[in-house]
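Here is the structure we will look at.
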Amino acid sequence: MACSLEGATITDDLSNLPILEASKVYAFYENTDELYLTTIKAMVHYLKNREPWEDYDICIFDSSFNWCLAVSHEDKYVWVTKD
């Protein structure tokens with residue numbers, strides 16, 4: 001799913017995303033079918049510091065489902081919104 005979502009491609013500098021104020025987010029790891037309740041700050045930290053072999057497809061979203069940050073195993077970041 002993270003590889004096929006269409007939206008705005010962004011750089012790996014996630015500091016300007018409007019979701020940084022979101023307190024809780026979900027991170028769905030497609031490769032392992034795991035869903036985590038976490039914070040966006042924790043996910044940004046993980047994405048910046050992960051090892052090269054941690055090539056997961058990840059969809060990050062909150063309970064509103066108004067947006068999704070898709071991260072592909074190729075380190076492509078896509079910002080998807082309902083609008």
Side-chain angles (χ1 to χ4, degrees):
M1 179 174 19
C3 294
S4 61
L5 288 176
E6 293 184 17
T9 301
I10 59 173
T11 66
D12 61 358
D13 175 21
L14 304 175
S15 61
N16 293 327
L17 289 178
I19 58 172
L20 291 179
E21 72 279 352
S23 58
K24 297 290 181 184
V25 296
Y26 297 95
F28 176 64
Y29 287 68
E30 290 184 53
N31 311 55
T32 58
D33 286 333
E34 295 173 312
L35 180 68
Y36 296 96
L37 179 61
T38 185
T39 65
I40 193 63
K41 289 182 182 183
M43 286 305 300
V44 168
H45 181 267
Y46 167 74
L47 292 169
K48 287 183 178 183
N49 296 294
R50 64 186 167 155
E51 299 294 340
W53 58 84
E54 295 181 285
D55 57 349
Y56 302 110
D57 293 329
I58 306 168
C59 291
I60 302 167
F61 53 92
D62 70 359
S63 60
S64 74
F65 292 103
N66 288 328
W67 57 266
C68 175
L69 175 62
V71 182
S72 76
H73 62 278
E74 301 163 328
D75 293 331
K76 179 181 174 186
Y77 293 78
V78 176
W79 175 249
V80 182
T81 62
K82 286 176 64 174
D83 300 328

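The first residue of the sequence shown is numbered 1, and numbering continues consecutively from there.
In terms of the side chain to side chain donor-acceptor pair (under 3.5 Å) criterion, residue partners of Tyr36 (sequence neighbours excluded) are, by chain and number, Glu34.
Partner of Phe28 under the side chain to side chain contact (heavy atoms under 4.5 Å, CB included) criterion, chosen from Ile60, Leu35, Ile58, Asp57: Leu35.
In terms of modelled atom types and a separation under 3.5 Å, the side chain of Asp62 and the main chain of Val25 share no donor-acceptor contact. Between the side chain of Asp55 and the main chain of Glu74, no donor-acceptor pair closer than 3.5 Å is present. Listed for the Thr38 side chain is no donor-acceptor partner under 3.5 Å among the backbone atoms of Ala42.
Note on residues 37-63: pairs passing ring pair (Phe, Tyr, Trp, His ring centres under 6.0 Å), not counting sequence neighbours, are Tyr26-Phe61, Tyr29-Tyr56, Phe61-Phe65.
Rounding to the nearest 0.5 Å gives a distance of 11.5 Å between CG of Asn31 and CD of Glu54.
Counting heavy atoms from C-beta outward, Leu47 and Arg50 have side chains that approach closer than 4.5 Å. No side-chain heavy atom of Val71 sits under 4.5 Å from any side-chain heavy atom of Lys76.
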